[in-house]
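Contents: one structure, followed by commentary.
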Amino acid sequence: MTQMAGTGLTTTASGNPDRPYDDVDLSTRAFWSTDMYEREKSFAVLRGRDTITWHPPFEDQLIEDPADHGFWAVTKYDDLVEATKRHDDFLSGPGILMENLPVEFVESAQSIIGMDPPRHTKLRRLVAAAFTPKQMRRIDEMIQRNARDAVTNLLEKAQANGGQADFVAECAELMPMNNINDMLGVPDGDRQRAMHEMKVATSWSDPEMAGDTKEEVLGNLFRAIAYCHELAGGLADERRGNPTADLISGLANAEVDGERLTAHEIGSFFVLLTVAGNDTTRQSTAHALQALADFPEQRAWLLEDLEGRMPSAVEELIRWATPIITFRRTASRDTELGGREVTRGDKLVMFYSSANRDERRIDRPHELDFSRSPNPHITFGGGGIHHCLGNQLARAQLRAILTELLTQAPEIRPTAAPELTPSNFFNIVKRQQCAPRP
Amino acid sequence: MKINVDLNRCTGHGFCEGLAEDIFEVGQDGVAHLLDETPGEDRRDVVEEAVAMCPTKALSLHEEG
């Protein structure tokens, strides 16, 4: 197995064969093919254990490792926050996904999210200025325009199609795609292809997107990543001679410790920003449509004062949707978490969806409450060094798209159950038929 | 009170800027800069919140004198 530089830890080995497993299933495809409400029943049981719990590795993985004996499930809010903040004890470098994927794939896709200090510290600074609260206000006009265009597109497509349209394809995915690519500096045409390829790259559990056999899936994942590296490389070469204010220019011309980033580092950063920029806000927007339908009294309350109540409604929808379900860490030493002994090399998987419904920290967690205050959700992370770079962007985008949607189509509703992609990483709505003006 | 930013730790998350834009600002270099190194006592609560919230623990507060 591949060793991670400096840590001596492998990317996939974990635990030992003698540790008994908890009997709640988090490791089968069947479990991860259910929806978030069904899965929550299992997480509620695990939170009741009042500690972290040990589980077998995910079944039938793309990369099998006989030395991979499982993972600790971190399901309690307090344990997740603690693990997040102890970044010296619980590393990101050996991998951040619950499943084992080829190390070449992972290293081409995760950049700073799969790094530890000191490299993480230096690279994150290269992009930080583009995501600050003040910068969000500077690009507010762009966000409003992209939100308006996405809703207008949805209404036009529905009108041309008997009043119905796919909310994901015609609205939810368009706004974040255009915003992140306007920021990155990716031209129209290329941005649609990059978004599609990253859907493939994050859908390794979905035969429709990535293929049926392991060989097909691996081939498709690598082709998707290769496309984005090539796109990023070409754009970076252009911007080296003619820098603009976009993020690719910043990465192409940046120096870290007196050296330019390599093409591979730029490609990997580009993949991370493309996935994080597209796939998260898309999911939150899609889940918001269902939540508004499931809780009509909350929708009515919001509509009474859209502007004033939108900020707290967005926080609650972000908690409710939890678009990223898991991140993994790996113990750098023998230590303790939640009263259990953790051994060096053990994998820990943090379940954000579970922590966001932890009764100890979230009052009435199974109720959608747009007036919730305070709302200490951990959708963007438990507060440590890897806290979501784009959290301000996500919030601004959701405020913009929901305001636009509920102004232009206040009666919008889903007309079929959402089509989900099985995943233990993203909470993916693949398609969602809707009627904007029923 | 005097604020200090540890530039070995800060990565420009901007929590501090979000809490007090007149005191903190993330620059193009991706780290927080102090617009006011020694804010008045009336700002103590918000500065202490920024110190506590900082995801990289880069902020600290020192009493003068």
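Here is how names work: the chains are called A, B, and so on, in the same order as the sequence lines, proteins then strands, and each is numbered from 1.
Of the N and O atoms on the side chains of A/Q144 and A/D140, at least one donor lies less than 3.5 Å from an acceptor on the other residue.
Your options are A/R137, A/K85, A/K122, A/Q392, and the one with the most heavy-atom pairs under 4.5 Å with chain B is A/R137. The candidate with the highest count of non-hydrogen atom pairs below 4.5 Å against chain A, out of B/R9, B/Q28, B/H13, is B/H13. Contact count against chain B (heavy-atom pairs under 4.5 Å) is highest for A/I385 among A/I385, A/V127, A/L389, A/L126.
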- Should B/D29 and A/R125 be marked as a salt bridge (Lys or Arg N to Asp or Glu O under 4.0 Å) after you check the CA-CA gap, both sets of side-chain angles, and the distance that decides it? CA-CA 7 Å; B/D29 53 0; A/R125 284 178 190 152; over 6 Å; no

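Salt bridge status for B/K2 with B/E63: absent, with no side-chain N to carboxylate O gap under 4.0 Å.
Taking the six-membered ring for Trp and thresholds of 30 and 60 degrees, A/H386 and A/H120 have ring planes inclined between 30 and 60 degrees apart.
Contacts of B/L19 with chain A are absent, with no heavy-atom separation under 4.5 Å from either backbone or side chain.
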